Amino acid sequence: MKYSVKAGAAEKVSADCVAVVVFNKGQLSAEAQSIDATTTKAISKVTASEDFTGKLGDTLVLHNPSGVTAKRVLLLGAGEEKKLGALQAAKMLKAGLKAAGKLRAASLHFALGSLQLSDRDYPWLATRLAQEAETSSYRYNETKSKKSPPPATRSVSLSPPSGAQRKKLEAALKNGQVIGRGINNARQLGNLPGNICTPSYLAEQALELGTKQRAITTRVLSEKQMARLGMDSLLSVSAGSDQEAKLIIMHYKGAKTDSKPYVLVGKGITFDTGGISLKPGAAMDEMKFDMCGAASVLGTMTAVAELKPAINVIGVIAAAENMPSGRATKPGDIVTSMAGKTIEILNTDAEGRLVLCDALTYVERFKPRTVIDIATLTGAAVATFGNHATALLSNDQKLANSLLECGEASLDRAWQLPLWDEYQPLLSSNFADIANIGGPRAGTITAACFLSRFTEKQKWAHLDIAGSAWFSGAQKGATGRPVGLLLEYLLRQKA
Ligand code: BES
Ligand code: MN
Ligand code: ZN
């Protein structure tokens, strides 16, 4: 997709389709008024008849309106003008792009120069437009014989508001495009089935990113190398699988070598059967999404390499497949983690924390400024938040606040849960230093408590994306979250 800034009156813009805003009760934006005036009231007519009322998220296409250069006018319902904020604008853009996607319009112009958002500036709108255009053009085709046709839209342009700096808007569009691509990247990896997207496949993707991008260097540790490091907790998860576990480390260098890095650690369980603590059959296919944390790290690193912030970032992926077999770990087995703590594995289905704890210990060597792990860790997070919020837990309130803020800013939102000491005793074991499950209550919190035992020396936050990483049902598919949040966070940091 190509993005550009295009000035001029809405009715004179050359494009296959021009989009203008209509507010509640048919109240026209300046651009809509301007088209209305040249078309002998083509827009007022549809609003007067109440065929289109300007309700947020509604759209209507007018074909060949006389006096307008564009072949079509797309009306975007924006709801109440005073209530138009970031969330509403994103919804409006998404709906507009969806409607435009059904037309065979190769070029699409958004005449939004007069639009005022209550809580964001115009460059934000430009970024969001490109991000939404990018994500709305994503199609999953990989494993289908009948591929969906490529989206008709090939270029998207945006009107500048009066007095805008063109360069700034162009940069904003570019950023949105890169963020959108990063999100699509994560979605694609998430959507691939477990027999294609294995730990080795994730490693190949990361190595490929390292060869394509000069600023990124990738290293992949084999099971043998992990064994030498004492990562027996991580290795206990892949023990039952024919797929070799991989620890993938991607270094992005955007600052001096001695500048402490920001570290991301993703859970990359490419399929989670539960192991010997086998999961029930219903919807087990969705456990191919159990590597969405890893996918978000890869998607974020791809975007970071293109946006080139002046910081150092390290993306780590703990990749393994959780399978039952004669060699699989059994409930009651005790392993020693890389940190030296012994773990009683009471449930082999609580495997995410077992791979993450060793990865979190491993990253201590980088002396991170902050460490953020991203994991589809608990069913309890789905029960608590549904699809909308990512669960956030942290041992550093400043980091937590910053992530909450970035979630709001990117509309990729998180909500904090307590990581109080009172929950820690739930992980007591009679036979080891710690048990890998904390009982049926407060599952998202006890999972984070487990990880907190391995991050005491670091400023750490945990994002449980079990609810936000994918949709079930008819909409089944990965969302690419929380790439938006992570990029917002990284782009705000300094070396
Ligand atoms: N990958 C799952 C968590 C999950 C389950 C995410 C359902 C999304 C939907 C994780 O490995 C797991 O199985 N967690 C268990 C932990 C329990 C055994 C303590 C869970 O949440 O049931
Ligand atoms: Mn599990
Ligand atoms: Zn899992």
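Whatever order the structure lists them in is the order used to number ligands and atoms, beginning at 1. Every value quoted in this text rests on a predicted model; they were computed, and no experiment measured them.
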List the closest protein heavy-atom neighbour of [atom]: residue, atom name, distance to the nearest 0.1 Å.
| atom | answer |
| --- | --- |
| atom 2 (C) of ligand 1 | D272 OD2, 3.6 Å |
| atom 6 (C) of ligand 1 | A466 CB, 3.6 Å |
| atom 16 (C) of ligand 1 | R353 NH2, 3.9 Å |
| atom 14 (N) of ligand 1 | L377 O, 3.4 Å |

Item checked: Minimum side-chain heavy-atom gap M226-D358 below 4.5 Å -> no
Next item on the list: For residues I437 and T446, determine if any side-chain heavy atom of one lies less than 4.5 Å from a side-chain heavy atom of the other.
Entry: no
Margin query: Can you confirm whether K341 is buried at NZ, in the sense that more than 12 heavy atoms of other residues, nucleotides or ligands lie under 6.0 Å from that atom?
Written below: yes
Margin query: I'd like to know whether NZ of K91 has more than 12 heavy-atom contacts from other residues, nucleotides or ligands below 6.0 angstrom.
Written below: no
In ligand 1, which numbered atoms sit nearer than 4.0 Å to a non-hydrogen atom of [X]?
| X | answer |
| --- | --- |
| I437 | 19 (C) |
| E351 | 11 (O) |
| K267 | 1 (N), 10 (C), 11 (O) |
| T376 | 1 (N), 2 (C), 3 (C) |

Margin query: Regarding T390 and S468, do their side chains bring together a donor and an acceptor under 3.5 Å, going by distance alone?
Written below: yes
Check: Does a side chain donor of either Y252 or Q213 reach within less than 3.5 Å of an acceptor in the other side chain?
Finding: no
Check: Are the charged groups of R453 and D433 less than 4.0 angstrom apart, N to O?
Finding: no
Margin query: Please determine whether a side-chain nitrogen of the Lys or Arg among D373 and K267 lies less than 4.0 Å from a carboxylate oxygen of the Asp or Glu.
Written below: no
Check: Which pair of non-hydrogen atoms, one from V297 and one from G315, has the smallest distance, and what is that distance?
Finding: CG1-CA, 3.7 Å
Item checked: Where L247 and A318 come nearest, the two heavy atoms and their spacing -> CD1-CA, 4.0 Å
What do we get for [X] next to ligand 1 when only non-hydrogen atoms under 4.0 Å count, side chain, backbone, both or neither?
| X | answer |
| --- | --- |
| N322 | neither |
| D349 | both |
| E286 | neither |
| M291 | neither |
| W470 | side chain |

Notebook entry, point to check: Measuring from L419:CG to D421:CG, what's the distance to the nearest 0.5 Å?
Noted result: 8.0 Å
Next item on the list: Starting at CD of E134, measure out to CE of M1 and round the result to the nearest 0.5 Å.
Entry: 5.5 Å
Next item on the list: To the nearest 10 degrees, could you say what angle the Zn ion (ligand 3) makes with NZ of K267 and OD2 of D272?
Entry: 180°
Check: Of all the N, O or S atoms in D290, which one sits nearest to the Zn ion (ligand 3)?
Finding: OD2
Margin query: My understanding is that we take every heavy atom of each candidate and find the minimum distance to atom 20 (C) of ligand 1. Doing that for G379, A447, A383, which one comes out nearest?
Written below: G379
Check: What orientation do F450 and F454 show, parallel under 30°, tilted 30 to 60°, or perpendicular over 60°?
Finding: tilted
Next item on the list: May I ask you to decide if the ring planes of Y262 and Y489 are parallel, tilted or perpendicular, using 30° and 60° as cut-offs?
Entry: perpendicular
Check: Does an N or O anywhere in T378 fall below 3.5 Å from an N or O of ligand 1?
Finding: no
Check: Do any nitrogen or oxygen atoms of N347 lie less than 3.5 angstrom from nitrogen or oxygen atoms of ligand 1?
Finding: no
Notebook entry, point to check: Sorted by chain and residue number, which protein N/O/S atoms are under 2.8 Å from the Mn ion (ligand 2)?
Noted result: D272 OD2, D349 O, D349 OD1, E351 OE1
Check: Hey, is the main chain of G77 close enough, under 3.5 Å, to the side chain of D58 for a donor-acceptor pair?
Finding: no
Next item on the list: Look at the side chain of R219 and the backbone N and O of H251, then say whether any donor-acceptor pair between them is shorter than 3.5 Å.
Entry: no
Checklist line | Under 2.8 Å: N/O/S of E351 next to the Zn ion (ligand 3) | finding: yes
Checklist line | Close approach, M287 and ligand 1, non-hydrogen under 4.0 angstrom | finding: yes
